[in-house]
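Okay, so here's the structure we're looking at.
Positions are given from 1 along the sequence. What you see is a predicted model; the values in this text were computed from it and never measured. FYI, side chains are in, hydrogens and waters are out, and symmetry mates aren't considered; it's all heavy atoms of this structure.
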Amino acid sequence: MTENLNVINPDIPSDYESLKARISTLSDSMPKRLLQCARYALANPDRIALGTTAEIASAAGVQPSTLVRFAQTLGFDGFSQMQQIFQGQLVGRNSEYTERLTKIRESGANTPGSILSSFAERSKQSLDELVRQIDTNAMQSAIDMLTGAETIHLLGLRRAYPVVSYLHYTLGKMGVHTNLLEGTGGILEERLQFISEKDALFVSTFSPYSPEVVELASKAFGRGVSVIALTDSVLSPIARVSSTVLEVNEAEHGAFRSLSTTMCLATSIAVAVGDARKWTSLS
């Protein structure tokens, strides 16, 4: 079956959005290594745009030939043709800004001021990327589902916990009925019985994805509950069990990623839901 992947759709993606859509469409049929390439490419578009085949393959943990096969699977003649799509999304960026970010990382500076500066620069980069790449249709769909829900259940563990915790606080301040799901005591799955089809479940998880979150979302989705996922890739396992997906990527400093861009998107969703509910109640 896998040898026919590259002829499923002969049309070549013409831009980054159509490329992402093609990856999403073919991901179910991709062998493990090609799916590994897909996930790396969507999480690191700038590295795909600027790196050599050998560098990218090494970072993605695959062979260079696998990258070529991945590009051909998507309809391209080879890797360089696919790379042009990733390079296209960099048009308009300030090259000096990109070089400055690279130098900060390579400098190894570790003073409090330089660490703060690095995180701030990368947060700016991620925020700019969010504005350019956000799927406004998905965002509106999420707002509509959350606005119409009787209760908004919120679930996020580990790094994603601050996101849903803040939503719980912010929405509550605006009079929206929310329920923060927590894993304390090991009774997370038992809480599923209190989520009805009239409610909405907002979940957040990032790589490496929390299996507990994916499992509960899958069961809720199977019961007809509207599931809104905030995650870092359209190929995230949570995306397959969600009604709509909000994708956000945080630029990293070393092995660390802040939540500045994620919190910006979550806050925007909360304010939009609060506003929509206010006018709905008035009408």
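Looking at Ser165, its side chain never comes within 3.5 Å of a backbone N or O of Tyr161 through a donor-acceptor pair. For the pair Ser210 (side chain) and Glu212 (backbone), a donor-acceptor distance under 3.5 Å is absent. For the pair Thr25 (side chain) and Ala21 (backbone), a donor-acceptor distance under 3.5 Å is present.
Side-chain contact between Gln133 and Asn249 is absent, with no heavy atoms from C-beta onward closer than 4.5 Å. Two residues are said to be in side-chain contact when any heavy atoms from C-beta on lie closer than 4.5 Å; Leu157 and Thr205 fail this criterion. Side-chain atoms of Val62 and Phe70, non-hydrogen and from C-beta on, never get closer than 4.5 Å to each other. Side chains of Leu146 and Phe202 form a contact here, defined as non-hydrogen atoms less than 4.5 Å apart. At least one side-chain heavy atom of Tyr16 sits less than 4.5 Å from a side-chain heavy atom of Leu42. Put simply, the side chain of Asp199 does not reach to within 4.5 Å of the side chain of Phe194, judged on heavy atoms. A heavy-atom distance below 4.5 Å is not found between the side chains of Leu127 and Val131. In this structure, Asp144 and Ser141 have side chains that are not in contact, with every pair of non-hydrogen atoms separated by 4.5 Å or more.
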Apply side-chain contact (heavy atoms from CB on, under 4.5 Å) to the pair Met139 and Leu265, showing each step before the final yes or no. CA-CA 9 Å; Met139 191 174 178; Leu265 178 56; 4.1 Å; yes
Show the numbers, then the answer: is there a side-chain contact (heavy atoms from CB on, under 4.5 Å) between Ser29 and Leu26? CA-CA 6 Å; Ser29 304; Leu26 298 182; 5.6 Å; no
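Across Phe86 and Ala41, no two heavy atoms sit closer than the pair CE2-O, 3.7 Å. Thr244 and Ala138 get closest at one heavy-atom pair: OG1-O, 3.4 Å. Of all non-hydrogen atoms in Met263 and Val163, the two that sit nearest each other are SD-CA, 3.8 Å. Between Glu247 and Asp232, the shortest heavy-atom contact is OE2-O, 3.8 Å. Taking every heavy atom of both residues into account, Ser233 and Ala239 meet most closely at O-CB, 4.4 Å. A pairwise comparison of heavy atoms in Ala49 and Gln83 identifies O-NE2, 3.6 Å as the closest pair.
Residues forming a side chain to side chain donor-acceptor pair (under 3.5 Å) with Tyr166 (at least two apart in sequence, or on another chain): none. Phe221 is linked by a ring-ring contact (aromatic ring centres under 6.0 Å, His included) to nothing, counting only residues two or more places apart in sequence or in another chain.
Tested against Ser242 for a side chain to side chain contact (heavy atoms under 4.5 Å, CB included), the candidates Leu230, Thr231, Val227 yield a single pass: Val227. Among Leu181, Asn179, Leu155, Thr151, the single residue meeting the side chain to side chain contact (heavy atoms under 4.5 Å, CB included) criterion with Ile195 is Leu181.
Taking CG of Leu201 as the start and NE2 of His153 as the end, the distance is 7.5 Å to the nearest 0.5 Å. We find the OG-NZ distance between Ser260 and Lys124 to be 11.5 Å, quoted to the nearest 0.5 Å.
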Extract all donor-acceptor atom pairs below 3.5 Å that involve side chains of residues 50-57 and protein atoms in other chains or at least two apart in sequence.
residue	atom	partner	partner atom	Å
Thr52	OG1	Glu55	N	3.1
Thr52	OG1	Glu55	OE1	3.4
Glu55	OE1	Thr52	N	3.0

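In summary, the side chains of Arg69 and Gln72 do not present any donor paired with an acceptor at a separation below 3.5 Å, with no hydrogens or angles considered.
The local environment of CD in Gln81 is crowded, with over 12 non-hydrogen atoms from other residues, nucleotides or ligands closer than 6.0 Å.
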